[in-house]
Amino acid sequence: MGKSKVAVVLAERLGGEIISVDSMQVYRGLDLGTAKPSPDERSRVAHHLIDVVGLTEPFDAGQFARRAADAVTEIQGRGRIPILCGGTGLYFRAFIQGLGDAPPANASLRKELEATPLADLIKELEARDPATFQAIDHQNPRRVIRAVEVIRQTGKPFSSQRAAWTGAESTGRAEHRFFALSRPQAELMERIDARVDAMFERGLVAETEQLLALGLRQNQTAMQAIGYRQVAEHLRGERSLSDTIALVKVRTRQFAKRQRTWFRHQAHAQWLTISAEEKSDEVADRLTLLWNE
């Protein structure tokens, strides 16, 4: 039982519809590795911002914020409750707080930066924006490229522009309830391992092969999705399948840790610890009581 299953039950209880807040579920074809809601779950409750762009199309936080705002308006117009569910912190922040004056992606500049060695971009970032250099994940080309792109376009440090993001009150979306679900560490690690094993058993390698043939490698954002990137390396002969599965588990654990840290420090969330014995409807009951307080 994960947050998506809880969100479905909660939406049924409250008369809601779900907006996916996941930077990879927006892509058509990225199915097994992103754990998209099942066909049954999507038939029970309307889901938004899943499978909305093609594999080779760019997608960023700005696009998400605009599309999510439109979805909220549509859902509320039907007299229903929008429920945002996912783990991409930047997308939550973009929706709630706005994106300030950061420029949109520039196709020609982005292509130039993607062709530049990552080490060179990191050096440029260190020289022009030490604060972002210290904070950013140097192993994530997508984020490094975006930071350098904004710096080159504006002539200003990326860190100062992020700090200047407008407050929630100015977006008209200040009224919200924010809940975060957590599990004991040992249980979470077991669930991650089981989920990764299931992804591979269901055919993640074959899915990745098919997506690579359709242009996955050309999409620097989608290629950062945990699972697909490591399988692509396996298919190039860089490591065995067993080592690839082990690496995906490690990367997923690391990602889960970064998620917890981000949401604890960046989001004003109400935390709920759930146990292995609790079922989706029981967690939804707890959330429903909190919602109605």
task: Please confirm whether the backbone N or O of Leu90 pairs with a side-chain atom of Thr88, one donor and one acceptor, at under 3.5 Å?
output: no
query: Which atoms form the tightest heavy-atom contact between Ile75 and Glu17, and what is the distance?
result: CG1-OE1, 3.5 Å
message: Pair Leu55, Leu30 - check side chain to side chain contact (heavy atoms under 4.5 Å, CB included), show working.
response: CA-CA 8 Å; Leu55 192 62; Leu30 267 64; 3.2 Å; yes
- prompt: Is the closest side-chain heavy-atom distance between Ile19 and Phe95 below 4.5 Å?
  reply: no
- prompt: So do Arg152 and Arg128 actually touch side chain to side chain, heavy atoms under 4.5 Å?
  reply: yes
- prompt: Do Ser20 and Gln25 meet the criterion of a side-chain donor-acceptor pair at a distance under 3.5 Å?
  reply: yes
- request: Kindly say whether Phe133 contributes a backbone atom to a donor-acceptor pair with the side chain of His138 at under 3.5 angstrom?
  value: yes
query: How are the rings of Tyr27 and Phe59 set relative to one another: parallel (under 30°), tilted (30 to 60°) or perpendicular (over 60°)?
result: perpendicular
Cationic N near anionic O, under 4.0 Å, Arg42 to Asp51: yes
field: Side-chain donor/acceptor of Gln134 to backbone N/O of Ala131, under 3.5 Å
entry: no
field: Salt bridge present between Glu149 and Arg146 (N-O < 4.0 angstrom)
entry: yes
field: Heavy-atom donor-acceptor pair, Gln259 side chain to Gly87 backbone, under 3.5 Å
entry: yes
- request: Keeping the roles fixed (side chain from Glu190, backbone from Glu187), state whether a donor-acceptor pair exists under 3.5 Å.
  value: no
query: Is there a donor-acceptor contact under 3.5 Å linking the side chains of Gln185 and Arg253?
result: no
message: Under a 3.5 Å distance rule, please check whether Gln63 uses its side chain to pair with a backbone N or O of Asp60 as donor and acceptor.
response: yes
field: Partner of Thr208 by side chain to side chain contact (heavy atoms under 4.5 Å, CB included), out of Val205, Leu212, Leu211
entry: Leu212
- request: Starting from the C-alpha separation in whole Å, work towards a yes-or-no answer on salt bridge (charged side-chain N to carboxylate O under 4.0 Å, His left out) for Arg202 and Glu207.
  value: CA-CA 9 Å; Arg202 292 172 60 193; Glu207 181 176 274; over 6 Å; no
message: Assess whether a salt bridge exists between Glu233 and Arg229, defined as any Lys/Arg side-chain N lying under 4.0 Å from an Asp/Glu carboxylate O.
response: yes
field: Stepwise side chain to side chain contact (heavy atoms under 4.5 Å, CB included) test for Ile96 and Phe178
entry: CA-CA 11 Å; Ile96 295 171; Phe178 205 142; 3.9 Å; yes
message: Test of understanding: clusters of I, L, V, M, F, W, Y form through side-chain heavy atoms closer than 4.5 Å, transitively. Do Val250 and Leu241 belong to the same one?
response: no
statement: For Leu49 and Val26, the nearest pair of non-hydrogen atoms, with its separation, is O-CG1, 3.6 Å
- prompt: Got a second to check how far Phe263's CZ is from Arg93's CZ, nearest 0.5 Å?
  reply: 12.0 Å
- request: Calculate, to the nearest 0.5 Å, the distance between atoms CD and CD1 belonging to Glu124 and Ile151 respectively.
  value: 7.0 Å
- request: Could you tell me the separation between the CZ atom of Arg80 and the CD atom of Gln76, rounded to the nearest 0.5 Å?
  value: 12.5 Å
- request: Say whether Leu84 and Met24 are linked into one hydrophobic cluster, either directly or through other cluster members, by side-chain heavy-atom distances under 4.5 angstrom.
  value: yes
- request: Please examine the side chains of Arg13 and Asp285, heavy atoms only from C-beta on, and report whether any two atoms are closer than 4.5 Å.
  value: yes
field: Transitive ILVMFWY side-chain link Leu247 to Phe255, under 4.5 Å
entry: no
- request: Apply the test side chain to side chain contact (heavy atoms under 4.5 Å, CB included) to residues Phe200 and Val248: give CA-CA distance (whole Å), side-chain angles for both, the deciding distance (0.1 Å), then the verdict.
  value: CA-CA 10 Å; Phe200 278 90; Val248 172; 4.0 Å; yes
- prompt: So do the side chains of Gln230 and Ile245 get within less than 4.5 Å of each other, counting heavy atoms only?
  reply: no
- prompt: Which atom names give the shortest non-hydrogen contact between Val45 and Gly16, and what distance separates them?
  reply: CG1-O, 3.7 Å
message: Quick check: do Val144 and Pro141 have side-chain heavy atoms less than 4.5 Å from each other?
response: no
Flag side-chain contact, heavy atom, 4.5 Å: Leu287 against Val9: no
field: Ion pair check, Asp22 and Lys36, cut-off under 4.0 Å
entry: no
message: So, taking the atom named SG in Cys85 and the one named CG in Leu10, what distance separates them when rounded to the nearest 0.5 Å?
response: 9.5 Å
message: Show, in sequence, the C-alpha distance, side-chain angles and deciding distance for Gln254 and Arg251, and conclude whether the side chain to side chain donor-acceptor pair (under 3.5 Å) test is met.
response: CA-CA 5 Å; Gln254 292 170 337; Arg251 292 287 183 262; 3.2 Å; yes
message: Return the CD1 to CG distance between Ile50 and Asp31, rounded to the nearest 0.5 Å.
response: 10.0 Å
field: Non-hydrogen side-chain atoms of Val283 and Lys5 separated by less than 4.5 Å
entry: no
- prompt: Phe64 vs Tyr91 aromatic rings, parallel, tilted or perpendicular, using cut-offs 30° and 60°?
  reply: parallel
- prompt: Less than 4.0 Å between a side-chain N and a carboxylate O, is that true for Asp40 and Arg44?
  reply: yes
- prompt: Would you call Arg183-Glu278 a salt bridge at under 4.0 Å N-O?
  reply: no
message: To check you understand the geometry: which heavy-atom pair defines the closest contact between Leu113 and Ile145, and what is its length?
response: CD1-O, 3.7 Å
- line: Closest heavy-atom pair, Ile136 versus Arg143, reported as atoms and distance to 0.1 Å, is CD1-O, 3.4 Å
task: Decide, yes or no, whether a salt bridge links Arg28 with Glu57 under the criterion of side-chain N to carboxylate O below 4.0 Å.
output: yes
message: Around atom CZ of Arg286, are there more than 12 heavy atoms from other residues, nucleotides or ligands closer than 6.0 Å?
response: yes
message: Rounded at 0.5 Å granularity, tell me how far CZ in Arg177 sits from CD1 in Ile81.
response: 11.5 Å
Student check: side-chain heavy atoms of Leu290 and Leu272 closer than 4.5 Å: yes
task: Please report the closest heavy-atom contact between Arg239 and His234, naming both atoms and the distance.
output: O-ND1, 2.9 Å
